[in-house]
Amino acid sequence: MPSALIESQIEQLGPWFHNLHLPDGTQTAPDHFLGDFPAYKWLEILPFLPEDLTGIRALDIGCNAGYYSFELARRGAEVTAIDTDERYLKQARWAAKIIGVNHCIEFRLLSVYELARESEMYDLVWFMGVLYHLRYPLLALDIVRQCCGRQMIFQTMTLPGDEVFPVEADYPLQQREAMNQPGWPKMAFIEHRFAGDPTNWWAANHAGVEALLRSAGFTGIRRIAHEIYSCEAGSPPAGLAARELDAVFHFY
Ligand SMILES: C[S@@+](CC[C@H](N)C(=O)[O-])C[C@H]1O[C@@H](n2cnc3c(N)ncnc32)[C@H](O)[C@@H]1O
């Protein structure tokens with residue numbers, strides 16, 4: 001396709017959140033407010049992924065214009081890419097054809113919560129930049145854990161501070177001071193807007209991210225870059241948490 005046509009289609013499909021580098025050299029968002037986004041994030045994550053993804057089944061949740069899906073597909077993964085915004089899926093489908101990876105990516109209009117109805121398991125789950133947009137973050141993590149067979153790459157908007165308070169297994173009812181310690185696992189609730197966006201609901205601190213992931217049944221949690229974590233699917237939550245999740249699954 002001639003570059004002039006590509007440029008006019010980029011214009012028609014915009015605005016873009018992903019700056020995709022297309023084979024003819026054109027970019028979809030060269031003036032992105034975050035720089036060459038998300039290419040620089042991808043480079044930070046790359047050392048923590050298997051080099052060859054041939055035969056790997058990957059799930060990209062909140063795929064947006066598909067940057068990560070394309071990179072995973074280029075390395076041999078078979079990708080399912082989901083998003084709740086048809087405008088972004090349209091961008092992703094268009095770009096996948098231009099880049100030549102459309103045969104190994106299935107794009108679906110699907111919410112993370114709707115994965116509760118699916119039985120597919122994925123070796124690699126990509127869950128970046130979505131959690132803080134959700135009103136029910138722990139529910140989403142519980143659901144994602146159910147379809148994650150091996151590794152998850154996770155990113156969420158965080159609060160400043162790296163402290164991790166050594167939380168004990170139990171506390172008496174009157175003893176709540178520990179919860180005010182800087183490293184107690186926390187999420188700040190955003191009732192109105194953050195950065196002008198009314199869908200930014202939560203910002204967890206670093207300890208909070210780790211605790212949420214653990215509580216949903218992820219293990220081997222490593223912070224691999226700012227706000228980015230790699231972890232593995234462990235055992236699902238047991239006891240009351242499992243019963244609660246079961247009730248939600250049946251509701252769906
Ligand atoms: C901040 S963007 C992150 C895009 C991409 N994952 C990244 O890290 O660059 C959030 C994306 O999540 C999508 N999204 C929001 N709520 C969602 C939901 N409930 N299920 C799936 N995707 C969702 C949005 O449409 C948007 O494309």
Side-chain angles (χ1 to χ4, degrees), residues 13-21 27-29 32-46 48-49 58-73 77 79-96 105-118 120 122 124-148 151-158 190 193-204 209 212 216 223-231 248 252:
L13 288 164
W16 294 75
F17 181 60
H18 279 176
N19 183 36
L20 305 175
H21 293 240
Q27 297 180 34
T28 53
H32 201 292
F33 68 104
L34 292 172
D36 191 4
F37 178 87
Y40 72 89
K41 284 203 185 278
W42 168 255
L43 292 177
E44 289 175 330
I45 301 167
L46 202 50
F48 301 92
L49 295 178
L59 171 67
D60 184 1
I61 302 169
C63 62
N64 201 268
Y67 181 94
Y68 295 116
S69 293
F70 303 152
E71 293 301 331
L72 297 173
V79 185
T80 297
I82 69 169
D83 205 289
T84 45
D85 193 328
E86 186 55 62
R87 284 172 313 144
Y88 289 136
L89 288 170
K90 206 167 162 194
Q91 294 178 349
R93 288 192 188 102
W94 174 82
I105 308 177
E106 183 191 5
F107 293 103
R108 296 177 63 192
L109 183 66
L110 199 76
S111 167
V112 61
Y113 302 116
E114 291 174 286
L115 292 167
R117 289 202 208 107
E118 314 253 320
E120 296 292 332
Y122 299 89
L124 176 61
V125 172
W126 207 264
F127 193 21
M128 301 256 310
V130 181
L131 194 87
Y132 55 96
H133 288 299
L134 305 174
R135 284 180 66 88
Y136 311 103
L138 193 51
L139 172 61
L141 276 176
D142 282 345
I143 290 170
V144 170
R145 159 63 191 79
Q146 302 269 1
C147 64
C148 180
Q151 186 182 10
M152 175 167 80
I153 298 292
F154 175 76
Q155 187 269 342
T156 192
M157 176 170 74
T158 56
I190 303 155
R193 284 167 185 259
F194 189 72
D197 185 341
T199 76
N200 284 332
W201 295 110
W202 301 98
V209 174
L212 285 165
R223 184 167 48 178
I224 58 175
H226 175 61
E227 298 187 336
I228 304 179
Y229 297 79
S230 171
C231 52
V248 173
Y252 269 100

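When a ligand or atom number is given, it counts from 1 through the structure's own listing order.
- Look at E86 and R93 and you find a salt bridge, because one of the NZ, NE, NH1 or NH2 atoms lies within 4.0 Å of a carboxylate O, short of that distance.
- Aromatic ring pairs are classed by plane angle as parallel below 30°, tilted from 30° to 60° and perpendicular above 60°; the pair Y68 and W42 is tilted.
- Between the CD atom in E227 and the NZ atom in K41 there is a gap of 6.0 Å [rounded to 0.5 Å].
- A heavy-atom cutoff of 4.0 Å around ligand 1 is satisfied by the protein residues F17, H18, F37, G62, N64, Y68, D83, T84, D85, Y88, L110, S111, V112, M128, G129, V130, Y132, H133, L134.
- Between the Y113 side chain and the Y136 main chain, a donor and an acceptor come within less than 3.5 Å of each other.
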Mind running ring-ring contact (aromatic ring centres under 6.0 Å, His included) on F17 and F37 for me, showing each step along the way?
CA-CA 8 Å; F17 181 60; F37 178 87; 4.9 Å; yes

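- Remark: the backbone N or O of F48 is paired with a side-chain donor or acceptor of Q151 at under 3.5 angstrom.
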